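A short worksheet on the structure shown next.
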Amino acid sequence: MKTGIVTLKGICRVSWLHLSPTGVCLGLLTLLATTGCRSPSVAIDKEVSTLDQAWGQRAAAFPQRETRTLTWSEALVWMESHNPELLRADEERDRAKRGIGKVYKQLLPYVQLQAGINKRVNELDSISFDDVRWDLNAYAVLSGVLTLNRDVYAAELSYIRANLVRELALREKTVELHRHFVMSRQLTVARQRLADSERILRDMPVSRRSLQSVPATVDSLREQLRARQAKLDGELATILGLVDVRIELTDGALPEADYAKTPLEPGDVTRVGVLRRRLLAIELVGAQARVRGAKLQYWPDISAFLTSGPLWTTAGGQTLWWRSEDLRLSVNVFVPIDLNGAIRDRVREAKIDLEFLKRAMDLKEGALISEFDDKRRALAQVVREVEEQERKRALLMQLISIEGAENLGERLRQWSEIESQRENAVDQRMRLNAFFLFFDEAFWTGPSAPAALLKSAAAETEHPKS
């Protein structure tokens, strides 16, 4: 008798002396049963080793990493095609779009090939390929025709929502990128101000001994700027999806937005929060559709199937082909009788969820309007603070130039505090501007808007200039 021998040694391994139907079947079953017999710890240790090696290589190359200079338009295009969150939103949108086509594809018949063996255990030695039964069947589900409108409505709503979520994600990341461009510009200005201040202090007509505290003060401020630059580099690498690259930004053609000079009025519905309200409308439409779907459960449910015998079947050496006489239409109608009130409860719960959603939206809208007013006041205040710090700095530099050396130490401490306070105020101003930037439709729809830049870049990619 020919046999198949299965051996387990180390990682699962199968060896054969002679191949026979019995040995093939037993071997395949054993192989399937023992697949994945390695411990998860082994796989984890292997991945840790790979990550350790990658970490070491990156750490060694970090000081000499490449520097890439990006303009606003270049960074915008790069971010759209490399940011992980935007790529994920692209995939979700594409899936939702494919979901519309799947609704129609489900109406198409599908074919299934089946194979099986039915033998007694004591007859396994005599198995041959003639004992294998093969069936090729076709199925058509006609019920989808009856629910086509409902399913297409749901799929299109999902696609519209996914498309809007992707647009909101792009807007959010663009606002972050814009803020980092402004921050990069401010860091450049701060470094120049520090160099100018250091030069003024060095030129003071005081003794060299009195200037001993100047280097320590300047070094402290310079270290603060270095730390802010390092943080900026890390955040930019995440936003742009760049790895092991240091990024330098040039702010040419950067769209400007100063909402302290031109406040954004929340009552202007054509300019403020249009995209956000569209997303809220989609959520409401979805909740209303769930209420209608719950009510539809009161209606009779119809299922229809078109079945027949196999298109082709072979067993024991005999082959049969499809016959039109075997074609059958099966239609079933189910009339729900809601004796236990299950459907009524689902309808009531869907209506309650809709009301809760409306209430939550009203509260959020009211809170957002209040936040608009609060941030507008905060922006005006922080602008005044920046201007005040500028006046204090100018006055302090005048005092340093006319006072004697005995007050220089205290004046340097005050100067350091003023510089730190000013930078914090400037950073707060940038964040408040970014808040209004997100909701300002005029910024996103104008000729120099990010969307226009992206469309222009896409056109140049599709039809490159000669």
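Everything numeric in this text was worked out from a predicted model, so none of it was measured.
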Suppose we screen for side chain to side chain donor-acceptor pair (under 3.5 Å). Which residues come up paired with R185, at least two apart in sequence or across chains?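 Per chain and number, R185 pairs via side chain to side chain donor-acceptor pair (under 3.5 Å) with D251, E256.
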Inter-residue atom distance [X].[atom1] - [Y].[atom2], 0.5 Å rounding:
X    : Y    : atom1 : atom2 : answer
L240 : L177 : CG    : CG    : 6.0 Å
L279 : M361 : CG    : CE    : 7.5 Å
L275 : L280 : CG    : CG    : 10.5 Å
E283 : K358 : CD    : NZ    : 14.0 Å
E385 : E387 : CD    : CD    : 10.5 Å
E172 : E85  : CD    : CD    : 6.5 Å

Give the C-alpha distance, both sets of side-chain angles, the deciding distance and a yes or no for side chain to side chain contact (heavy atoms under 4.5 Å, CB included) between E223 and R226. CA-CA 5 Å; E223 179 59 26; R226 188 208 61 78; 2.9 Å; yes
Under 4.5 Å between any side-chain heavy atoms of [X] and [Y], yes or no?
X    : Y    : result
R93  : Y159 : yes
L194 : R222 : yes
L164 : E167 : yes
N83  : E80  : no
W72  : L249 : no
Y259 : V383 : no
E265 : R376 : yes
V189 : V426 : no

Applying salt bridge (Lys or Arg N to Asp or Glu O under 4.0 Å), run through E388 and R391 and close with a yes or a no. CA-CA 5 Å; E388 180 64 21; R391 286 193 295 268; 2.5 Å; yes
R98 vs D94, salt bridge (Lys or Arg N to Asp or Glu O under 4.0 Å): CA-CA, chis, key distance, verdict: CA-CA 6 Å; R98 292 194 298 267; D94 293 341; 5.1 Å; no
[atom1]/[X]: more than 12 non-hydrogen atoms of other groups inside 6.0 Å:
X    : atom1 : answer
L51  : CG    : yes
R278 : CZ    : no
Y298 : OH    : yes
R171 : CZ    : yes

[Y] backbone acceptor or donor facing [X] side chain under 3.5 Å:
X    : Y    : answer
S158 : A154 : yes
R429 : V386 : no
N424 : S420 : yes

Minimum heavy-atom separation for [X] and [Y], please, with both atom names.
X    : Y    : value
T174 : L170 : OG1-O, 2.6 Å
A287 : L354 : CB-CD1, 3.5 Å
R344 : D338 : N-OD2, 3.0 Å
A294 : I343 : O-CG2, 3.8 Å
V103 : A155 : CG2-CB, 4.0 Å
S81  : L87  : O-CD2, 3.6 Å

Going by an N to O cut-off under 4.0 Å, is there a salt bridge joining [X] and [Y]?
X    : Y    : result
E176 : K173 : yes
K351 : E355 : no
K392 : E417 : no

Y153 vs V285, side chain to side chain contact (heavy atoms under 4.5 Å, CB included): CA-CA, chis, key distance, verdict: CA-CA 11 Å; Y153 183 90; V285 170; 3.3 Å; yes
Take M183 and M430, measure what side chain to side chain contact (heavy atoms under 4.5 Å, CB included) needs, and give me the verdict at the end. CA-CA 8 Å; M183 189 184 302; M430 286 188 297; 3.9 Å; yes
Q381 vs R384, side chain to side chain donor-acceptor pair (under 3.5 Å): CA-CA, chis, key distance, verdict: CA-CA 5 Å; Q381 176 62 29; R384 288 193 293 267; 2.7 Å; yes
Centre-to-centre under 6.0 Å for F436 and F372, is that the case here?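 Yes, ring centres under 6.0 Å apart.
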Evaluate side chain to side chain contact (heavy atoms under 4.5 Å, CB included) for R277 paired with E365, printing each intermediate quantity in order. CA-CA 9 Å; R277 287 195 299 276; E365 293 293 274; 4.1 Å; yes
What pairs of residues pass the ring pair (Phe, Tyr, Trp, His ring centres under 6.0 Å) test when at least one of them lies in residues 325-353, not counting sequence neighbours?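 Checked against ring pair (Phe, Tyr, Trp, His ring centres under 6.0 Å) - neighbours excluded - no pair reaches residues 325-353.
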